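In what follows, a structure is listed as structure tokens, so that the remarks can point back to it.
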Amino acid sequence: MGLGRVADTMTDQRAAAFTYDGGAVQPGETEQFRYPVSETYLGDPVRIPVTVINGSHPGPTVFLSAAIHGDELNGIEVVREVAHEWEHEHIHGTLVCMPVVNVPAFMTQQRYLPVYDRDLNRSFPGRSDSTSAQRIADQLFRNFVEPCDVGVDFHTSTRGRTNILHVRAEMDDPAVERLARAFGSNVIIDSEGASGTLRREATHAGVPTITVEMGEAHRFQRTLIDRAIDGVASVLAEYEFYPAEPVDWPGWRTVVSSGEKTWLRADVGGLVEMHVRRGSLVEAGDRICTITNPFKTDVVPVEAPFTGLLVGALENPLVYPGNPLCHLVELEGTTLRAIRQDRSGALPAGAE
Ligand SMILES: [Zn+2]
């Protein structure tokens with residue numbers, strides 16, 4: 001499985017059908033269908049929209065998925081545009097596009113599956129004889145993830161927070177590292193990912209997969225969507241899906257291990273005024289935000305403990321002690337110099 005199969009397909013010089021339980025998409029064909037993964041209380045099917053675009057030339061099979069958390073919308077637009085607005089006539093390979101994976105959570109506009117609040121993104125690879133979440137995960141994994149060579153899963157920050165566009169990837173795995181770098185984001189956070197996430201379980205099953213985090217829940221954020229679409233184009237270029245297209249270099253890049261990122265937390269309850277925007281470079285000692293009480297009397301400043309990039313921040317301005325305020329990534333010399341040179345400390349492209 002995995003990239004070995006790319007080589008096999010390439011040497012065959014024949015494009016193969018993409019098959020799933022219930023159908024097949026032949027080379028040169030595009031199929032749009034709704035695939036049943038569960039049933040409602042009424043016994044009606046719960047079906048997820050899938051588009052499979054099988055090119056007439058052989059090449060890798062790539063899956064793109066979004067809204068595994070039902071209220072994380074930015075990725076939906078990325079996957080839809082790639083599936084339905086791009087020219088696919090000359091592609092070398094197969095695209096499997098799942099713009100709305102968690103249909104029950106999407107319908108209720110929440111993160112988790114409505115029944116028992118289960119997290120679909122902790123349920124992979126799934127089991128056919130277990131909970132509803134595990135059964136849905138199993139259907140998706142067997143039919144549309146395992147047959148692929150690489151995958152990109154789109155997320156946003158949790159409701160009430162926001163983050164810059166960045167990639168999360170298990171960088172110890174060379175095949176994942178290749179994919180992560182190909183996306184062309186400035187920031188890559190290196191982590192294995194939690195057990196049961198699509199990214200981790202697909203990667204461990206031989207399908208290198210990255211997560212792309214971008215912006216807020218409940219929004220279409222056009223600038224971020226456009227950058228993510230460029231990222232998909234760059235990934236497809238890396239695997240010669242479009243042999244003539246170049247792979248992006250983002251100008252500067254920092255690969256951060258999970259230990260090097262810090263959530264600054266509130267020590268008091270109150271109302272937060274942010275002074276720095278998502279994506280900004282902050283110097284050690286800069287005031288990031290202030291927390292005040294309803295009388296605006298007790299003013300508690302929060303300062304940056306080190307120089308770094310503001311990767312994530314809260315959107316909802318209300319905090320209890322212990323609530324996260326912002327997510328700061330420490331930057332070292334060469335990256336810092338590159339950013340200062342590139343942007344003079346201003347917002348990276350695409351930050352809103
Ligand atoms: Zn998510």
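Keep in mind that this is a model prediction, so the values were computed, not measured. First listed ligand is number 1; within each ligand, the first listed atom is number 1. Scope of the values below: all heavy atoms of this structure, side chains included, with no hydrogens, waters or symmetry mates.
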Where the Zn ion (ligand 1) is the vertex, angle from His69 ND1 to His155 ND1 to 10°: 110°
Are the side chains of Arg337 and Arg340 in contact, using a 4.5 Å heavy-atom criterion? no
To make sure I understand the geometry: which N, O or S atom in Glu72 is closest to the Zn ion (ligand 1)? OE1
Contact check, side chains of Ile53 and Trp86, non-hydrogen atoms, under 4.5 Å: no
N, O or S from Glu213 under 2.8 Å to the Zn ion (ligand 1): no
So, do Pro321 and Asp267 sit near enough that their side-chain heavy atoms are less than 4.5 Å apart? no
Centroid-to-centroid, Phe144 to Phe63, below 6.0 Å? no
